[in-house]
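All remarks here apply to the structure that follows.
Proteins come first, then strands; the chains are lettered A, B, ... in the order of their sequence lines, and each starts at number 1.
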Number of protein chains: 2
Amino acid sequence: MVQDSIQTLQAQGYKATRPRKLVLEVLEESEKPISPYDIQGILRTRGKQINHVTIYRTLDLLCRLNLAHKMMSGGGFLKCSLNAAEGCHRFMVCQDCGAIQEFANKELCREENQLARDLGFHTEHHLSEFYGLCSGCYEK
Amino acid sequence: MVQDSIQTLQAQGYKATRPRKLVLEVLEESEKPISPYDIQGILRTRGKQINHVTIYRTLDLLCRLNLAHKMMSGGGFLKCSLNAAEGCHRFMVCQDCGAIQEFANKELCREENQLARDLGFHTEHHLSEFYGLCSGCYEK
DNA sequence: AGACAATTGCAACAATGTTGCATTTATCTT
DNA sequence: AAGATAAATGCAACATTGTTGCAATTGTCT
Ligand SMILES: [Mn+2]
Ligand SMILES: [Mn+2]
Ligand SMILES: [Zn+2]
Ligand SMILES: [Zn+2]
């Protein structure tokens with residue numbers, strides 16, 4: 001819920017501004033990670049004009065508060081999605097059709113975190129991307 | 001070894017060109033992932049002038065042949081490293097000092113791949129990034 | 001309603017990534 | 001060793017993505 005994220009923001013002393021609500025709405029509606037300029041485009045079609053700088057700053061904030069995730073999805077530029085699911089996020093990126101599917105697994109997460117801790121690293125969150133073929137594209 | 005990568009290239013019908021050898025050399029020397037423009041800069045300091053377009057195309061090729069990896073390392077732009085270790089690559093990115101440490105774990109890899117396959121996805125390779133604090137920065 | 005700090009938008013810029021095409025180069029053949 | 005050939009490079013021009021400083025605006029609290 002956008003409401004929950006807003007509440008988290010305010011609890012940490014951040015303002016519940018129009019741009020932040022709008023970005024959160026778009027992120028929530030999107031079933032896959034999207035780029036800052038995607039978000040701007042979607043909002044523009046709704047007559048909501050938001051400066052791209054503000055979107056970048058909003059996404060930075062959301063990621064800093066662990067409310068959202070960043071990923072690269074094969075290309076080399078930023079995509080973000082809400083940090084809705086429990087545990088870490090894993091993305092399966094189809095190299096043929098570009099589809100992005102998400103799944104989470106708490107157990108795997110724990111194992112990964114433990115391995116990192118064994119090396120002295122203190123994990124706050126993590127991100128995993130699989131590259132290959134989705135079932136549809138594999139058939140062909 | 002650069003030689004091995006070159007051999008793989010040729011085996012697949014790609015030419016062993018000067019730019020490709022140079023990029024491979026830089027990747028091999030670097031203990032952490034670096035960006036295309038980093039590579040160009042390093043080569044320039046050695047008096048080797050390589051066009052950035054060529055570097056992008058070389059990195060694309062290396063990743064396509066699974067000789068190298070792409071990652072985003074917290075920011076939103078491309079970094080690459082040689083795909084030297086066995087199994088999938090995991091990177092620990094310190095959010096304080098920016099240090100990037102790498103580790104691999106075949107067993108974990110297998111589990112992850114199995115989980116993806118259960119969802120109908122056929123993984124070719126994958127990439128994992130942990131964000132948190134390295135031991136040094138955690139002390140402070 | 002007014003004060004105040006946080007946030008936004010703007011402008012200008014910097015960095016990153018892409019495309020088409022002429023020139024060059026690696027490889028294979030002769 | 002020279003020539004033929006396709007692949008790869010470099011160049012130029014452009015497009016997209018990301019950053020910074022600062023003045024204007026807005027949300028929150030009193
Ligand atoms: Mn996560
Ligand atoms: Mn790998
Ligand atoms: Zn697909
Ligand atoms: Zn550190």
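- Contact annotation: the side chain of A:E111 approaches that of A:E107 to within less than 4.5 Å [non-hydrogen atoms, C-beta and beyond].
- For the pair A:Q40 and A:T54, the minimum side-chain heavy-atom distance is 4.5 Å or more.
- Near DNA chain D, meaning a heavy atom under 4.0 Å from it, residues 19-48 of chain A has A:P36, A:Y37 in order of number.
- Running 5' to 3' along DNA chain C, contacts with non-hydrogen atoms of chain A at under 4.0 Å begin and end at C:dA5 to C:dG17.
- Exactly one residue among A:K106, A:R117, A:R90 makes a salt bridge (Lys or Arg N to Asp or Glu O under 4.0 Å) with A:E112. That residue is A:R90.
- A:S81 pairs by the side chain to side chain contact (heavy atoms under 4.5 Å, CB included) definition with A:P33, A:H69, A:F91, not counting sequence neighbours.
- Under the 4.0 Å criterion applied to side-chain N and carboxylate O atoms, B:K79 and B:E102 are not assigned as salt-bridge partners.
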> Given B:I39 and B:I50, is the side chain to side chain contact (heavy atoms under 4.5 Å, CB included) satisfied, shown in steps?
Replying inline: CA-CA 9 Å; B:I39 294 173; B:I50 303 288; over 6 Å; no
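- Between the P atom of D:dT9 and the CG atom of B:L9 lies a distance of 10 Å, rounded to the nearest Å.
- Within the 4.5 Å cutoff, side-chain heavy atoms of B:L24 are placed close to those of B:L62.
- B:L65 has its side chain within reach of B:Q12: a pair of non-hydrogen atoms, C-beta onward, lies under 4.5 Å apart.
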> For B:E25 and B:L22, what are the C-alpha separation, side-chain angles and deciding distance, and is it a side chain to side chain contact (heavy atoms under 4.5 Å, CB included)?
Replying inline: CA-CA 5 Å; B:E25 272 174 31; B:L22 290 173; 4.1 Å; yes
> Along nucleotides 25-30 of chain D, 5' to 3', which nucleotides get a B, which get an S, and which get a -, given that the test is a protein heavy-atom distance under 4.0 Å?
Replying inline: -BBS--
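- The shortest side-chain heavy-atom distance between B:Y131 and A:L127 falls under the 4.5 Å cut-off.
- Note on the helix from C:dA1-D:dT30 to C:dT30-D:dA1: angle between the axes of the first and last five pairs equals 40°, rounded to 10 degrees.
- A ring-centre distance under 6.0 Å is found for B:Y37 and B:H52.
- Looking only at distances, no side-chain donor or acceptor of A:E129 sits under 3.5 Å from a matching main-chain atom of A:M92.
- Within residues 50-57 of chain B, the residues that have a heavy atom under 4.0 Å from DNA chain D are, in order of number, B:I50, B:N51, B:V53, B:T54, B:R57.
- With a 4.5 Å cut-off on side-chain heavy atoms, B:R20 and B:L61 count as touching.
- Taking the side chain as every heavy atom from C-beta outward, B:R44 and B:K48 never approach each other to under 4.5 Å.
- The side-chain heavy atoms of B:T58 and B:T17, taken from C-beta on, include no pair separated by under 4.5 Å.
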